[in-house]
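Fair warning: this is a prediction, and the values are worked out from it, not measured in the lab.
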Amino acid sequence: LVYLRQNEGQACPEIELYSLNAGSWKSITSAAPSYQIAQNFWAQVFVNGAVHWVASCKKGNCFRNVVLSFDMSNETFQEIELPEDLACELPTKYMPISAAGKSICVKHYVQNRHTMWVMREYGVVESWEKLVSVDVHVTPNFRVLQVLGCRKNNDEFLLERYDHRRMIGELVSHDPKKNTNEFLGIHTDPGKFIMLAKPRVPKSPNHSVYGFGFDSKKNDYKVVRLAYLRQNEGQACPEIELYSLNSGSWKSITSAAPSYQIAQHFWAQVFVNGAVHWVASCKKGNCFRNVVLSFDMSNETFQEIELPEDLACELPTKYMAISAAGKSICVKHFDQNIHSMWVMREYGVVESWEKLVSVDVHVTPNFRVLQVLGCRKNNDEFLLERYDHGRKIGELVSHDPKKNTNEFLGIHTDPGYSCIVYYTESLVLLDKTSRSMQIS
């Protein structure tokens, strides 16, 4: 951990080094660098045993930019020259550094253009190469905010762009040769997210399932990945990986992997009581058995929770989504034009499963119920999303099953894409540079 202290705008830092083993700081007495770390964007990346920053030094009336590195083993600084286009740029310009495999790359923004330079061979100045140059208006009606990384052998690039009309960000795959932009279906809070490092297990030929949650014991956010690489006589054999926000890396989970398959048609997951939960199934003989599969983010172990018999023996091809119900869980089911909703009144107690409601898709005249979203007013009313065939739009209604009434709430939806999400406010800051250039 390197702490640089700036003295009244002068590039005269005092260097201190913190060791986790020693649990203390010490001063570094070797010659301090005369370069100033760019204050507008304090991005740093750890590659090849050294921390790297973009830094600058004023020489006469000119600035000279370099990549400044600090070797954690030798405890010494080194300078790496930048390509001339970047070396003479004003240090007030946007110029963050990030990783590119085992080397480094620098992104630059000036005069409505984003560029991305990569050092093909680490430490070899002549190997700097400009990979892409993108105008901020390359996508009509949008503004490109940043180039995030490369995809597909540098033939395509991941961009974050801003939708002025809806005031949201979104990720697109940009092909500079074809000048095409493919929306990836991911929206962002513009500039405020973290890109995960590439998992150790490669993208599987079958599929992967993810779960996101919080480890309260270590105060750490984590992502668990189940990579289904092969099927052995109908059995699911996933390889398990876990990403830690604190460490910024993936690790393999060596505990016994669950033999259950996460339902592929609806990969819903919910984080409750310190664990991620999915609906999963396993084929036993000629029958399927469904359960709620959970992964504890602190203990890093799997557990199974039995479902009520009406759901446990259902075909896994049926719609069966899990969501939160306060501090417990609920499962929504659709079969034969009936939507049902089951809640586990006491978390972990199988006998406490209860069917809260059963709704016919045609319960509201001239409409079709798409899904039961949740409960209102002590389970006396339920929030439904229904489809208006005439106007071809969705809308939310409050349904009272006892009175058989439906109150339109004045909210229209994109049919089938609505959901209710429980969240907890947090002070964790994600408006930092991406931790990795690599895209899984």
Side-chain angles (χ1 to χ4, degrees), residues 38 40-41 43-47 52 54 65 67 82-87 89 93-122 124 126-164 166 168-199 202-203 208 210 243 248 250 430-440:
N40 65 308
F41 205 88
Q44 60 93 17
V45 65
F46 182 75
V47 173
H52 300 72
V54 173
N65 304 316
V67 171
L82 284 167
E84 200 62 25
D85 287 4
L86 303 180
E89 186 59 89
K93 300 296 184 181
Y94 174 93
M95 208 184 303
I97 191 170
S98 58
K102 294 183 179 181
S103 191
I104 54 176
C105 77
V106 174
K107 294 177 281 185
H108 181 225
Y109 172 71
V110 67
Q111 296 180 344
N112 283 337
R113 185 162 291 277
H114 294 277
T115 58
M116 182 176 173
W117 294 76
V118 66
M119 184 172 246
R120 290 291 190 188
E121 187 176 350
Y122 179 80
V124 179
E126 294 76 15
S127 69
W128 279 111
E129 178 186 346
K130 184 193 289 186
L131 287 187
V132 70
S133 180
V134 180
D135 189 276
V136 294
H137 303 297
V138 70
T139 57
N141 304 318
F142 296 89
R143 182 182 179 89
V144 175
L145 299 178
Q146 56 179 323
V147 180
L148 288 169
C150 338
R151 305 179 75 238
K152 300 179 181 177
N153 298 320
N154 301 334
D155 292 332
E156 297 185 20
F157 295 84
L158 189 64
L159 309 182
E160 183 189 19
R161 68 184 184 185
Y162 182 63
D163 186 331
H164 296 277
R166 294 184 294 164
I168 58 173
E170 55 187 39
L171 300 187
V172 295
S173 181
H174 171 66
D175 187 326
K177 295 180 180 178
K178 299 178 182 177
N179 195 28
T180 58
N181 299 282
E182 177 189 356
F183 174 48
L184 301 178
I186 302 173
H187 289 107
T188 70
D189 183 2
K192 297 184 179 180
F193 62 92
I194 283 180
M195 186 186 301
L196 305 190
K198 187 176 181 179
K203 185 176 286 188
S208 297
Y210 294 84
Y243 181 90
W250 294 89
L430 296 183
D431 53 344
K432 302 177 181 179
T433 187
S434 299
R435 292 182 183 269
S436 175
M437 286 290 304
Q438 299 175 348
I439 312 301
S440 62

Write down the atom of [X], the atom of [Y], and the distance for their closest heavy-atom approach.
X    : Y    : answer
S103 : Y122 : OG-CA, 3.6 Å
M95  : L82  : SD-CD1, 4.5 Å
V47  : A99  : CG2-CB, 4.0 Å

Mind checking the [atom1]-[atom2] spacing from [X] to [Y]? Nearest 0.5 Å is all I need.
X    : Y    : atom1 : atom2 : answer
C105 : R120 : SG    : CZ    : 10.5 Å
R113 : H137 : CZ    : NE2   : 10.5 Å
L159 : F183 : CG    : CZ    : 13.0 Å
K107 : M116 : NZ    : CE    : 6.5 Å
L86  : N65  : CG    : CG    : 8.0 Å
R161 : Q146 : CZ    : CD    : 14.0 Å

| Side chains of L158 and H174: closer than 4.5 Å at any heavy-atom pair? |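 No - every pair of side-chain heavy atoms lies 4.5 Å or more apart.
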| field | F157 ring center near H114 ring center (under 6.0 Å) | value |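 So the answer is no for these two rings.
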| query | Under the side chain to side chain contact (heavy atoms under 4.5 Å, CB included) criterion, do D85 and W117 qualify, and how do the steps go? | reply | CA-CA 10 Å; D85 287 4; W117 294 76; 3.6 Å; yes
| Hey, which of V134, T115, V136 is the one that makes side chain to side chain contact (heavy atoms under 4.5 Å, CB included) with Y109? |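 Passing option: V136.
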